[in-house]
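Below is one structure, written out as structure tokens, with a few remarks after it.
In this text the structure is predicted, and so the values were computed from the model without any measurement.
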Amino acid sequence: MSDPRPDLAPEPGLSRDDMEALQSEIADAAVFADDFSFDVDAVTSSRRDDRQSTQTTLSESSTPATSSDDDQTLENPPIVAGVDQSFLGDDRALSAVVAMQAGEVIERVHAVTPLEIPYVPGLLAFREGGPILAALEELSIDPDLLLFDGSGRIHFRQAGIATHIGVVRDVPSVGVAKSLLCGEPIADTEGLAAGERVPIEADSSVDASAGTLLGYAVQTRQYDSPDRHINPLYVSPGHRVGPETAAALVQALASTYKLPEPVRLADSYAEEAKGLVD
DNA sequence: GCGACAG
DNA sequence: ATCTTGTCGC
């Protein structure tokens, strides 16, 4: 059981070398394996009333679901929050957080802060970490899991934005990127079928032994026609979540769209919230 | 020197 | 990320 590490928060004023050194500390403090208490199977993108009772089949052939654990899961499903940013003008960032529970939005918050530094591949957390931490402070509920629009362990120093914020807040987190920052898929990722995934391993650009499993290319949706295809999502552990679970969670949270619902809604809310600023 | 690079 | 026209498909 670790603790929050506000001392490791991303400071935009650091030199590049210091930023990279801090990321190495983050990677050392991160846990890239399952270490949480919520029930992964209770995480869904659809509302309980709307989804098929596939559970019925299971309980009929076994013991009726009467354990206190099941009751607790049914009455108090995990809270998953999606985080995403949008930009105002070119000197302020708006970070939006959408918290969901059992497929329902239970809270939406946002924060606006000035941008301190430009975007540099590998140092995203130092540009957007401030706004994100500010937005998370506005949250009245505390999430069981954070989903970020960006990498987690799939990062040069194994400390992408999902890992950085996850460690600072000590909350289980997962990175969901729309393109690959580094690492190497072990197989072709073109035209995968929905539900398929391909391991992403560390290459020479990553500060990890070659071959280390960094995450997965996850195909949440795919077209039927072979003409055109949808690119996969690049999912990696942020903190306290292993690679397989990270992929499974994203798969479970994706419904009609490619992006998992909490991130998709945070994305649109980040845009919508621009309207109530200034 | 060149390439490659989340959002 | 943001700026934008055009195009494919249900």
Side-chain angles (χ1 to χ4, degrees), chain A residues 10 12 16 19-20 23 26-27 30 82-97 110-133 135 146-166 173-185 189 191 200-208 214-218 221-239 243 246 250 256-260 263-264 266-275 277:
Chain A
R16 178 164 186 146
M19 289 181 180
E20 297 186 348
Q23 291 184 323
I26 289 292
V83 185
D84 191 27
Q85 287 69 242
S86 64
F87 302 89
L88 293 72
D90 197 41
D91 58 344
R92 287 187 301 169
L94 187 160
S95 185
V97 179
H110 65 93
V112 177
T113 72
L115 284 169
E116 310 285 0
I117 58 175
Y119 165 70
V120 176
L123 300 178
L124 183 64
F126 293 89
R127 172 175 164 85
E128 304 184 355
I132 290 173
L133 289 169
L146 259 26
L147 249 49
F148 291 87
D149 59 309
S151 288
R153 194 181 188 181
I154 295 179
H155 179 275
F156 307 123
R157 288 163 294 282
Q158 304 184 78
I161 195 161
T163 301
H164 204 135
I165 304 300
S173 63
V174 169
V176 181
K178 295 181 290 299
S179 59
L180 192 59
L181 173 63
C182 60
E184 185 70 26
T189 59
I200 305 295
E201 297 185 338
D203 57 21
S204 60
S205 75
V206 180
D207 187 12
L214 300 178
Y216 287 95
V218 177
R221 306 287 302 173
Q222 189 52 280
Y223 292 135
D224 294 320
S225 57
D227 304 323
R228 201 164 43 147
H229 62 77
I230 297 175
N231 293 135
L233 248 23
Y234 297 93
V235 180
S236 57
H239 181 45
V250 167
T256 319
Y257 303 86
K258 168 177 172 175
L259 286 172
V263 174
R264 188 181 73 80
D267 186 281
S268 55
Y269 183 55
E271 194 58 39
E272 177 188 336
K274 282 181 176 179
V277 176

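Screening Leu115(A), Ile132(A), Leu94(A) for a side chain to side chain contact (heavy atoms under 4.5 Å, CB included) involving Gln85(A) leaves a single residue, Ile132(A).
You'll find the side chain of Gln23(A) reaches within 4.5 Å of the side chain of Phe126(A), heavy atoms only. A heavy-atom distance below 4.5 Å is not found between the side chains of Asp207(A) and Phe156(A). Residues Ser173(A) and Ile165(A) fail the side-chain proximity criterion, which asks for heavy atoms closer than 4.5 Å.
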**Request:** Encode nucleotides 1-7 of chain B as B, S and - characters from 5' to 3', where the letter depends on protein heavy atoms closer than 4.0 Å: B to the base, S only to sugar-phosphate, - to neither.
**Result:** ----BBB
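DNA chain C forms no stem, meaning no run of 3 or more consecutive Watson-Crick or G-U wobble pairs whose two key distances fall under 3.5 Å.
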**Request:** Applying side chain to side chain contact (heavy atoms under 4.5 Å, CB included), run through Val120(A) and Met19(A) and close with a yes or a no.
**Result:** CA-CA 11 Å; Val120(A) 176; Met19(A) 289 181 180; over 6 Å; no
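For Pro131(A) against Ala111(A), the heavy-atom pair with the smallest separation is O-CB, 4.1 Å. Taking each heavy atom of Gln222(A) and Arg228(A) in turn, the nearest pair found is OE1-O, 4.5 Å. Of all heavy-atom pairs spanning Thr189(A) and Pro232(A), the tightest one is O-CD, 3.9 Å.
Across all strands shown, Ser86(A) has heavy atoms under 4.0 Å from sugar-phosphate atoms exclusively, and none from any base.
When the nearest nucleotides of DNA chain C are assigned to Glu271(A) and Ser225(A) by heavy-atom distance, the more 5′-ward of the two goes with Glu271(A).
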